[in-house]
Amino acid sequence: MKVSRLELVLVSTPIGCLGSGRGGGVELTICSLIKGLLDLGHKLVVLAPEGSILPPDCSGAEIKHVTGIDQPSWQHRPESAPMIIPPDGVLLGLWEQALGLGKSSDAVINFSYDWLPIWLTPWVEAELFHLISMGGVSQMMKSLIGELSRSAPSRLAFHTYRQASDYDLSKTPVVVGNGFVLDNYEFQPQGGGPLGWAGRVAPEKGLEDAVAVAAALGDRLMVWGVMEDINYAKKIESAFPPGTIDWRGFLSTAELQKELGTCRALLNTPKWNEAYGNVVVEAMACGVPVVAYDRGGPGELVESGITGWLVPPDDIDAMTNATSLVNEIDRNECRNWVEESASHDGFAKRVEAWIQKGIKIKNASNL
Ligand code: UDP
């Protein structure tokens, strides 16, 4: 079937500007989707906080910057916390613009994990679609997503089934996975290097467990990512032998993949229902096997015994044993999995199909 050219508005996360790393995996997800949708011939306007930068391969999209302060992240607030919007919050500015532009566009795709855009969905002229980027970390979000799933299920998509299982959905969820621009990741066939860990340095990411594994094996653990919680980082550092952690900072994708690709294995230790786990796939794109807790997205991405090992959540001994067996994994299998299951063009086609179907359902209901 020939797909017509869509005019789409993409609304970025209201936490951090694109390129800062403060928005987490959503930043990379938006950029690879922009590239994929542009390659498919669609017209895109991206709304993002002031300071956001798109990579050169996304230059075909128009970016509009919005000023305002960050939205507080749901994942660092109590589960029963109410919705808060700071008076000069960037979330309001993003959605004022999105609703205006959305009137003359085919669809608006929301990447923020926030109450306001989801609540707006049935009440506005613009056609709003939501790619949910987190598991169910807030009661308010869970109940609102459940409600939308009952009134307009076609407006929701998720990254993994594990993530979607946090929500009370009326139908089998639309799962679009994620996508990566594979040319940006060099396959490194040799795996003799140290262990690696990547992600925001924050309690829900469980860095301490990965450091414990490295310490048990007498290894060095290279750590990349935004330092979100410095006290948490200091506490971990003081609990293990000096030199176990090799802090590498937050690197660009080009620099990150160069270092990550030298690793023997990536350890992934989520303490929450991780929606997807970009770093898991980025490691595999470089040929690095992943040893992960069988929890959330990573439990759906790693094929145990083929692209790495899955171990019971929070079981440091099991992770230590599995890590010592990582030489049994063929690094080619890791890269192959990403090429087949998580390329940026496959991701863009799945998102395109989701939006096209949603628009068709809307048009049919208006007849
Ligand atoms: N990342 C990066 N540079 C670094 C470390 C991490 O660009 O030095 C990016 C990585 O590419 C990934 C994101 O940070 O896209 C982390 O996303 P993930 O889905 O793993 O976790 P989230 O932060 O969304 O919970």
Side-chain angles (χ1 to χ4, degrees), residues 12-35 52-55 70 73-76 111-113 131-137 158-160 162-163 166 176-182 184-186 196-207 210 221-229 232-233 245-263 266-286 288 290 292-293 295-302 308 338 342 344 347:
S12 186
T13 168
I15 301 176
C17 53
L18 289 174
S20 68
R22 285 192 291 124
V26 176
E27 295 184 24
L28 192 72
T29 300
I30 295 180
C31 292
S32 40
L33 185 60
I34 292 171
K35 174 161 168 49
S52 290
I53 303 167
L54 292 179
D70 273 16
S73 170
W74 284 102
Q75 97 223 38
H76 297 132
F111 293 83
S112 73
Y113 187 83
L131 178 49
I132 304 297
S133 61
M134 283 201 229
V137 293
F158 299 84
H159 287 293
T160 59
R162 296 267 186 114
Q163 172 206 8
D166 265 4
V176 293
N178 212 335
F180 300 80
V181 181
L182 277 150
N184 294 343
Y185 300 86
E186 187 193 342
W197 186 96
R200 289 173 294 106
V201 179
E204 68 272 15
K205 296 293 196 173
L207 171 61
L221 184 72
M222 294 174 91
V223 174
W224 301 271
V226 163
M227 190 64 77
E228 214 170 64
D229 187 336
Y232 166 71
I245 307 178
D246 181 356
W247 298 108
R248 312 297 299 170
F250 178 77
L251 304 184
S252 66
T253 300
E255 292 302 315
L256 172 67
Q257 64 85 35
K258 219 185 280 171
E259 297 193 1
L260 185 56
T262 65
C263 286
L266 181 89
L267 307 184
N268 192 255
T269 47
K271 296 284 172 183
W272 67 333
N273 186 9
E274 186 88 57
Y276 188 80
N278 283 4
V279 296
V280 166
V281 178
E282 293 179 272
M284 294 198 289
C286 302
V288 177
V290 178
Y293 286 154
R295 170 185 277 149
E300 213 167 298
L301 304 174
V302 176
V338 184
H344 78 283
F347 178 45

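Every number for a ligand or one of its atoms is a count from 1 in the order of the listing. Remember, predicted model here, so these are calculated numbers, not experimental data.
With a 4.0 Å cut-off on non-hydrogen atoms, Trp197 does not touch ligand 1 at all. Counting heavy atoms closer than 4.0 Å to ligand 1, residue Asn278 contributes atoms from both its backbone and its side chain. Under 4.0 Å from ligand 1, not a single heavy atom of Glu27 appears. Proximity of Val279 to ligand 1, defined as any heavy-atom pair under 4.0 Å, is shared by backbone and side chain alike.
Under the 4.0 angstrom criterion for non-hydrogen atoms, Thr253 is not in contact with ligand 1. Residue contacts with ligand 1: Trp272 is included, with a non-hydrogen atom under 4.0 Å away. Heavy atoms of Glu274 approach ligand 1 to within less than 4.0 angstrom. Between Gly225 and ligand 1 there is a heavy-atom distance shorter than 4.0 Å. The shortest separation from a heavy atom of Ala275 to ligand 1 is not under 4.0 Å, leaving the residue out of contact.
Nearest to atom 23 (O) of ligand 1 among the protein's heavy atoms is Arg200 NE, 2.7 Å. The protein heavy atom nearest to atom 2 (C) of ligand 1 is Phe250 CE1, 3.1 Å. Protein heavy atom closest to atom 24 (O) of ligand 1, with residue, atom name and distance, is Gly25 N, 2.7 Å.
Looking at Gln75 and Trp272, their side chains never bring a donor and an acceptor atom within 3.5 Å of each other. For the residue pair Tyr185 / Glu282, a side-chain donor-acceptor distance below 3.5 Å is found, with atom types taken as modelled.
At a threshold of 4.5 Å between non-hydrogen side-chain atoms, the residues Phe111 and Leu33 count as touching. Here the side chains of Trp197 and Val279 are not in contact, with every heavy-atom distance at 4.5 Å or above. Between Arg22 and Asp70 the shortest side-chain heavy-atom distance falls below 4.5 Å. Residues Asn268 and Tyr293 fail the side-chain proximity criterion, which asks for heavy atoms closer than 4.5 Å. Inter-residue side-chain proximity for Val281 and Asn178 is flagged as unmet; no heavy-atom pair is nearer than 4.5 Å. The side-chain heavy atoms of Pro270 and Pro298, taken from C-beta on, include a pair separated by under 4.5 Å.
Per-residue contacts place Trp224 under 4.0 angstrom from the following atoms of ligand 1 (heavy atoms of the residue considered): 5 (C), 8 (O). When each atom of ligand 1 is checked for a heavy atom of Gly249 under 4.0 Å away, the hits are 8 (O).
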Start with the C-alpha gap between Leu251 and Leu260, add the side-chain angles, then the distance that decides, and say whether side chain to side chain contact (heavy atoms under 4.5 Å, CB included) holds.
-> CA-CA 11 Å; Leu251 304 184; Leu260 185 56; over 6 Å; no
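In terms of polar-atom proximity, Glu282 is counted as a contact of ligand 1, with an N or O under 3.5 Å from an N or O of the ligand. Geometrically, ligand 1 and Leu28 share no nitrogen or oxygen pair separated by less than 3.5 Å. For ligand 1, none of its N or O atoms has an N or O atom of Ser252 under 3.5 Å away. For ligand 1, one of its N or O atoms has an N or O atom of Lys205 under 3.5 Å away. For ligand 1, one of its N or O atoms has an N or O atom of Leu251 under 3.5 Å away.
Counting only distance, with no hydrogens or angles, the side chain of Ser112 and the backbone of Pro14 share no donor-acceptor pair below 3.5 Å. A donor-acceptor pair under 3.5 Å links the side-chain atoms of Gln163 to the main chain of Met134, judged by distance alone.
Screening Arg295, His159, Lys205 for a side-chain hydrogen bond (donor to acceptor under 3.5 Å, both in side chains) involving Glu274 leaves a single residue, Lys205.
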